[in-house]
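So you know, we letter chains A, B, ... as the sequences are listed, proteins then strands, and number each from 1.
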Amino acid sequence: MKENELQDLLNDFNITKFKNDLIDWFEMEQRILPWREDQDPYKVWVSEIMLQQTKVDTVIPYFQRFISKFPTVEKLAYADEQEVLKAWEGLGYYSRARNLQHAVREVAEAYNGKVPDNPEQLAALKGVGPYTKGAILSIAYDIPEPAVDGNVMRVLSRVLRIEEDIAKPRSRRIFEAAVQALISHENPSSFNQGLMELGALICTPKSPSCMLCPVQTHCKAFRDGVETELPIKSKAKKQKRIGYYAFAIENDNNEYLIEQRPDTGLLASMWQFPMVEKHEVDEEHILTWIQQVYGLSVNFDKKLLPIKHVFSHVIWEMDVIHVTITNSNADLKQGRFVDLNYLEKYPFPVPHQKLVDQLNQTR
DNA sequence: AAATCGGGGAA
DNA sequence: TTCCCAGATTT
């Protein structure tokens with residue numbers, strides 16, 4: 001779609017009334033949310049990072065715990081990284097936590113703890129992309145910048161009947177141009193939040209509540225009866241399955257062996273029980289594999305319940321095997337033994353939390 | 001442009 | 001099952 005095509009879409013569109021209807025509805029109907037209690041740029045920032053690809057209901061308890069633990073830029077900047085990761089445990093996309101702390105440290109040192117209020121400095125911060133930049137500027141600083149997320153693309157694709165494939169990266173620019181043309185300069189915060197709130201409450205993906213919609217009279221998709229056909233979005237390819245053997249290795253003190261994942265890639269720096277891809281070792285050789293990798297002689301004890309976990313782009317299918325060690329004085333090559341009661345100090349990804357749960361239930 | 005990066009809830 | 005959610009970064 002070209003620039004002038006967008007202008008054509010806006011020709012018969014009452015921009016002034018649209019933004020008034022949207023803002024009036026938002027001010028009346030908005031949900032009470034913990035990050036809406038004030039305009040503290042730090043709290044706006046934290047909430048926006050947590051809300052990336054994550055539903056409001058999921059974020060609420062994490063946000064409250066996180067702000068209690070790290071109430072200011074300085075508290076987060078000087079906190080222990082593992083403690084931050086632990087506070088993020090279960091929320092997913094853990095690089096968000098690492099990038100956030102990295103960026104907050106930069107703000108503490110380079111900007112004297114004040115979150116920048118200009119696009120260039122914000123965009124330079126780790127984890128702050130086009131959406132989050134616009135969200136911070138508009139919500140925390142009342143600056144009229146677009147903040148285009150999935151909600152905004154869905155809402156505007158219907159209201160203006162924009163038929164671009166929203167799965168394509170380039171499409172975001174079309175919607176940013178649309179917001180530029182529509183946004184209220186008097187109240188950019190309520191305008192941007194209103195678009196998102198509308199997408200979350202009314203203009204939902206499957207069956208939008210058009211009869212309750214405050215901008216129904218403006219909506220070209222509703223006018224044409226094609227609201228459920230929009231937005232157009234190409235499908236993602238399905239995930240690859242990977243089979244693993246995972247091991248609960250118990251020593252004489254009833255402690256279990258855990259290890260830290262590498263600091264890059266999937267679940268970076270999180271902790272886990274030892275595991276190996278099935279195609280790398282035959283089942284009859286798994287005890288030998290443990291001996292070679294960890295320097296531990298072990299006896300098979302029993303199989304625990306298998307664990308299946310679906311990630312964005314991969315599916316783990318883990319056979320879980322409980323073993324006990326026979327050479328308690330051996331030199332451990334890697335990992336550490338930790339008592340069941342202290343495992344909660346370590347950040348675990350959900351599939352390994354499930355394994356911890358099994359150990360707690362069966363003891 | 002496409003792949004990577006988590007987890008959960010709704011339909 | 002499939003979708004997709006207040007996306008950013010890396011390849």
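The aromatic ring centres of A:His309 and A:Phe311 sit less than 6.0 Å apart.
As rounded to the nearest Å, B:dG6 and C:dT11 have P atoms that lie 15 Å from one another. Nucleotides B:dC5 and C:dC4 are separated by 22 Å at their P atoms, to the nearest Å. B:dT4 and C:dA6 are spaced 24 Å apart, taking the P atom of each and rounding to whole Å. Separation of the C1' atoms belonging to C:dT9 and B:dG8 is 23 Å when rounded to the nearest angstrom.
Taking a 4.0 Å limit (strictly below) on heavy-atom distances, residues 23-40 of chain A does not reach DNA chain B anywhere. Taking a 4.0 Å limit (strictly below) on heavy-atom distances, residues 123-159 of chain A does not reach DNA chain B anywhere. The stretch residues 79-97 of chain A touches DNA chain B through A:Gly90, A:Leu91, A:Gly92, A:Tyr93, A:Tyr94, each having a heavy atom under 4.0 angstrom from the strand. For DNA chain C, no neighbouring residue in residues 59-70 of chain A is found when judged by any heavy atom under 4.0 Å. Contacts with DNA chain C (heavy atom under 4.0 Å) in residues 264-279 of chain A: none are found.
Between A:Phe66 and A:Trp88, the ring planes are perpendicular. Angles over 60° get that label, and only those under 30° would be called parallel.
A:Gln52 and A:Thr132 form a side-chain donor-acceptor contact under 3.5 Å, judged by distance and modelled atom types alone. For the 3.5 Å distance criterion, the side chains of A:Ser189 and A:Gln193 qualify, holding a donor opposite an acceptor.
The salt bridge (Lys or Arg N to Asp or Glu O under 4.0 Å) contacts involving residues 72-81 of chain A comprise A:Glu81-A:Arg98, where partners must be two or more places apart or lie in separate chains. Within the structure, salt bridge (Lys or Arg N to Asp or Glu O under 4.0 Å) pairs that include any residue of residues 34-46 of chain A comprise A:Arg36-A:Glu197, A:Asp38-A:Lys43 (at least two apart or interchain). Legend: ring-ring contact (aromatic ring centres under 6.0 Å, His included) pairs involving residues 226-265 of chain A, not counting sequence neighbours, sorted by first then second residue: A:Tyr244-A:Trp316, A:Phe247-A:Trp289, A:Tyr256-A:His322. Identified under the ring-ring contact (aromatic ring centres under 6.0 Å, His included) test for residues 9-39 of chain A, with sequence neighbours left out: A:Phe13-A:Phe18, A:Phe13-A:His218, A:Phe18-A:His218, A:Trp35-A:Phe63. The salt bridge (Lys or Arg N to Asp or Glu O under 4.0 Å) pairs that include a residue from residues 302-330 of chain A are A:Arg241-A:Glu317, A:Lys278-A:Asp319, A:Glu283-A:Lys303, where partners are two or more places apart or lie in different chains. Listed by first and then second residue, the salt bridge (Lys or Arg N to Asp or Glu O under 4.0 Å) pairs that reach into residues 135-162 of chain A are A:Arg161-A:Glu163, A:Arg161-A:Asp224, sequence neighbours excluded.
Between A:Lys235 and C:dC3 there is a side-chain polar atom (N or O) within less than 4.0 angstrom of OP1 or OP2.
One can place CG of A:Leu122 at 16 Å from C1' of C:dG7, the figure rounded to the nearest angstrom. Straight-line distance from the CG atom of A:Asn192 to the P atom of C:dG7: 13 Å, rounded to whole Å. Note: NE2 (A:His313) to C1' (C:dT9) measures 13 Å, nearest angstrom. One can place CD of A:Glu197 at 10 Å from P of C:dA6, the figure rounded to the nearest angstrom.
Judged by distance alone, the side chain of A:Ser184 and the main-chain N or O of A:Glu186 form a donor-acceptor pair under 3.5 Å. At distances below 3.5 Å, at least one donor-acceptor pair connects side-chain atoms of A:Gln358 with backbone N or O atoms of A:Leu305.
Remark: A:Glu89 CD to A:Arg65 CZ distance equals 9.5 Å, nearest 0.5 Å. The NZ atom of A:Lys168 lies 5.5 Å from the CG atom of A:Asp165; values are rounded to the nearest 0.5 Å.
At a threshold of 4.5 Å between side-chain heavy atoms, the hydrophobic network of Ile, Leu, Val, Met, Phe, Trp and Tyr places A:Leu340 and A:Ile249 in two separate groups.
Closest approach of A:Ala79 and A:Val84 over heavy atoms only: CB-CG2, 4.1 Å. Residue A:Leu355 comes nearest to A:Ala248 through the heavy atom pair CD2-CB, 4.2 Å, listed as atom of the first residue, atom of the second, then distance.
More than 12 heavy-atom neighbours from other residues, nucleotides or ligands sit within 6.0 angstrom of CG on A:Asp12.
Residue-to-nucleotide proximity on DNA chain B shows that, of A:Lys168 and A:Asp57, the 5′-proximal contact is made by A:Lys168. In terms of position along DNA chain B, the nucleotide closest to A:Arg170 lies nearer the 5' end than the nucleotide closest to the other residue of the pair A:Gln53 and A:Arg170. Where A:Met196 and A:Lys206 each meet DNA chain C at their nearest nucleotide, the meeting point lying more 5' is that of A:Lys206.
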Run the side-chain contact (heavy atoms from CB on, under 4.5 Å) check on A:Thr54 and A:Arg96 step by step: do they pass?
CA-CA 12 Å; A:Thr54 311; A:Arg96 292 184 296 176; 3.3 Å; yes
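Put simply, chain A comes within 4.0 Å of DNA chain B, heavy atom to any atom, from B:dA1 to B:dG8, going 5' to 3'.
Within the 4.0 angstrom heavy-atom criterion, no nucleotide atom of any strand lies near A:Lys238. A:Ser312 comes within 4.0 angstrom of a base, heavy atoms only.
Of the candidates C:dA6, C:dG7, C:dT9, the closest approach to any side-chain atom of A:Asn99 belongs to C:dT9.
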